[in-house]
Structures are given as C-alpha cells and as structure tokens.
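Notes follow once the structure below has been shown.
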Amino acid sequence: MTDTVIRTLDESDAHLFDAHPDPLNARAAHEKTTHRPHWKRVALRDGVVVARGAWWGGPDDAEPVNLNWFDVAEGEVEAGAELLRSAPWQVELELNLPGDWRERPALVAAAETRFAAARAAGYELLVERFLYRWTPEHGLPERPGRLLFGPEPDDAVFFAALRRIHASTLDAHALKAIEEGGLDQAAREELEFFHWCPSPREWWQLARTPEGELAGIHIPAHNPSGPIIGYIGVLPEHRGHGYAYDLLAECTHFLVEQGAQAIAAATDRGNFPMAANFTKAGFPVVRERINFHPTARTGS
C-alpha cells in the first residue's frame, strides 16, 4: 500500500474536498455552514481522497472551534487517524449523523469507521446528542403561564444561576468543565459561548415564580447558522415541577417573535427529561451528533 499524503487545502485545490463519497449526508447537515478552504484537510493515496476533515469557526475566530465534518473511506482508519493527529488544531470532533443511522447497517459501518479513526488518533467519546429542528408546521408549544420572564443585564446573576444549575447537571460538556476547573469554569464557558454568539445580550432571560423566586433561566440565541435554543436551566430547588418545559416554550415563542422560521436545538441522549420536553414541545429529532474530544495522546 502506498503512503498517505496529507494536504491542507486552499482556494486552488478546495475541490479535492468534494472528491469523496458522502454516505452520512454531511453536506445536508452543513447547508448553512461556512467552511474556510484553508481549514479543510484531505488524506490522499495514489491521488485519491481517502479521508477528509473540515474544521469550523465563527467569522471572527482566528482558529477553529471544532471539527464538524470528518469522513473516512472503508479500510482507511489509519489514514483518517493521521489526518487528525497531524492537524494543527486539536479541538472537539463533532460527527453529525442521520437520525436513523442506528437502524441502517451501511450507515452504522460508515460511522464506526469514523469512530475507529478518531479513537486511533487519541480522541475519546464525550457524549451522544439528539439534534432537533423546529419549524412552524409543528406548531408553537403552549405557554403554561406559570412563570414570569424578564431580562437581566447583570452577567453576575446568570453566572450565579449557572453555578447552581450545574451543581446537579446531566450535561456532559458541563460535567467535563466541572472536572477540569470546577463550577466556575462550567458557568464561565456557558457565558463565553453566548457572548460569542451574534445574537443580542438583551435576549437572555430569568424566570421567576409568581412569588418572585428565581426558578430558572433561558437563553434564546443565534449561532452563525441561525436561531437556536441556547440554554434551558432550572435551579435545583425548583426541579420536579416540569419548569424546563415552560422555559423551552417561552424560548421558542421568543425566537419566533424575533422572526425565526426554524429553530435548532440539542440535548444529550442521556438527558431523558429534557429529551421528553423537546418531544412535547414539537421539536423532532433530525440528526444525531457524536462528540469526541482530544486527549493528551492526540498529536503525539
């Protein structure tokens, strides 16, 4: 077998990225995503593309924030691993898969090849997630009317609320941040992400009970691809009342009132309560996302 040649692309050879099959229909998942040519890399054997990766970041980011398109040909696990190992950016890998991929043997095989390449490169599985997309034909979820919503300009209030919410979270990314740097890091990463989003800071809202107690927060947002349910969180002492649904319904209405015609959302597969709330609110699962994160071995 001939050696693998790894190439970082530019405007002149960006077409090479498209010279590879797309069995997982990644192109459809990224129809609103802008990938910079020089953040794309391919692995070639005898001039044929056997693996490819597209790293992604926002329009103002100097470096990619994740790798969200990664394909590996059957039998080319090592080429895919080398593509990852040799990359100048060691960031989280997001594999976006069709919602029914687990029921289709050909897609299972294609996904497993990508998983194997990621693991061989030193990446570890972080979490499996449901991806949702609400559109008007699903109808607006009914507002229960049990909570009072309003903006709060002080980031310190959201920071304190996030620390309390994360103290008993099911979210894998928050748990990873807590393991690395405690509740402060988890809360700080959430705030940094929403400040990074191009949507107005004024959209962030607190939710209070009629008695004035802070019950939770919701953050409607836009990422570079469009409107999203940014964050839904209920304070621990107010759980058990189904308030997450109230927050989700309000967040959906808020985004529609700002003109949203489609709203994306996500939750961890293991977060059964939140997944049930998305189903109740009319958010169908459209894809799944498998997140891997680089370990100390990556790039060695």
Problem set entry | Residue of the set R102, R287, R289 for which salt bridge (Lys or Arg N to Asp or Glu O under 4.0 Å) holds with E128 |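 Testing E128 for a salt bridge (Lys or Arg N to Asp or Glu O under 4.0 Å) against R102, R287, R289 leaves exactly one candidate, R102.
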Check the hydrophobic clustering (I, L, V, M, F, W, Y; side-chain heavy atoms under 4.5 Å; chains of links allowed) and say if [X] and [Y] are grouped together.
X: L67; Y: F115; result: yes
X: L83; Y: L16; result: no
X: I165; Y: L170; result: no
X: I232; Y: V285; result: yes
X: V256; Y: F278; result: yes

When rounded to the nearest 0.5 angstrom, what is the spacing between [atom1] in [X] and [atom2] in [Y]?
X: I263; Y: C251; atom1: CD1; atom2: SG; result: 7.5 Å
X: L107; Y: L97; atom1: CG; atom2: CG; result: 8.5 Å
X: L162; Y: R188; atom1: CG; atom2: CZ; result: 12.0 Å
X: R163; Y: I178; atom1: CZ; atom2: CD1; result: 9.5 Å
X: L214; Y: L148; atom1: CG; atom2: CG; result: 11.5 Å
X: M274; Y: T279; atom1: CE; atom2: OG1; result: 10.0 Å

For a 4.5 angstrom cut-off between non-hydrogen side-chain atoms, does [X] reach [Y]?
X: P88; Y: R41; value: yes
X: L24; Y: P98; value: yes
X: R239; Y: P273; value: no
X: V91; Y: V65; value: no
X: P220; Y: S199; value: no
X: W196; Y: D61; value: yes

Problem set entry | Face-on cation placement of R114 at F70 ring, 6.0 Å and 45° thresholds |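 Relative to the ring axis of F70, which defines the angle, R114 lies outside at least one limit.
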Exercise. Should F283 and N277 be marked as a side-chain contact (heavy atoms from CB on, under 4.5 Å) after you check the CA-CA gap, both sets of side-chain angles, and the distance that decides it?
Worked result: CA-CA 9 Å; F283 280 72; N277 284 318; over 6 Å; no
Where the side chain of [X] meets the backbone of [Y], is there a donor-acceptor pair that is under 3.5 Å apart?
X: H173; Y: A186; answer: no
X: R201; Y: H195; answer: no
X: T295; Y: G122; answer: yes
X: D154; Y: A156; answer: yes
X: D268; Y: A172; answer: yes
X: H30; Y: N68; answer: yes
X: D10; Y: S12; answer: yes

For this session: Might you work through the side-chain contact (heavy atoms from CB on, under 4.5 Å) test for R52 and K40, ending with a clear yes or no?
Result: CA-CA 7 Å; R52 63 180 175 181; K40 294 180 178 181; over 6 Å; no
Problem set entry | Over 12 non-hydrogen atoms of neighbours within 6.0 angstrom of CD in E180 |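 Yes, CD of E180 has more than 12 neighbouring heavy atoms, counting only those of other groups under 6.0 Å.
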Problem set entry | Enclosure of R7 CZ (heavy-atom neighbours >12, cutoff 6.0 Å) |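 No, CZ of R7 has 12 or fewer neighbouring heavy atoms, counting only those of other groups under 6.0 Å.
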Exercise. Could you walk me through whether H20 and V42 pass the side-chain contact (heavy atoms from CB on, under 4.5 Å) check?
Worked result: CA-CA 10 Å; H20 191 280; V42 296; over 6 Å; no
Exercise. Is it true that the side chains of Q258 and H222 contain a donor and an acceptor less than 3.5 Å apart?
Worked result: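 Checked: Q258/H222 side chains show no N/O donor-acceptor pair below 3.5 Å.
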Problem set entry | Distance-only polar pair, side chains of H241 and D246, donor-acceptor under 3.5 Å |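 Per modelled atom types, H241 and D246 side chains form no pair under 3.5 Å.
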Between [X] and [Y], is there a side-chain N and carboxylate O pair less than 4.0 Å apart?
X: R129; Y: D171; result: yes
X: E82; Y: R85; result: yes
X: R133; Y: E31; result: no

What is the minimum heavy-atom distance between [X] and [Y], and which atoms define it?
X: E288; Y: G99; answer: OE2-O, 3.9 Å
X: A121; Y: L84; answer: CB-CB, 3.7 Å
X: L125; Y: F292; answer: N-CD2, 3.4 Å
X: V49; Y: A19; answer: CB-O, 3.6 Å
X: A249; Y: R143; answer: CB-CA, 4.5 Å
X: A215; Y: L147; answer: CB-CD2, 4.0 Å

When [X] is tested against each of [options] for ring-ring contact (aromatic ring centres under 6.0 Å, His included), which residue passes?
X: W69; options: W55, F17, W56; result: F17
X: H218; options: F149, Y231, F194; result: F149
X: W204; options: F254, F158, F159, F193; result: F158

For this session: Carefully, step by step, assess L235 and E213 under the rule side-chain contact (heavy atoms from CB on, under 4.5 Å).
Result: CA-CA 10 Å; L235 271 64; E213 295 182 22; over 6 Å; no
For this session: Go through the structure and list residues passing side-chain contact (heavy atoms from CB on, under 4.5 Å) with P37, not counting sequence neighbours.
Result: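 Expected list: E11, A14.
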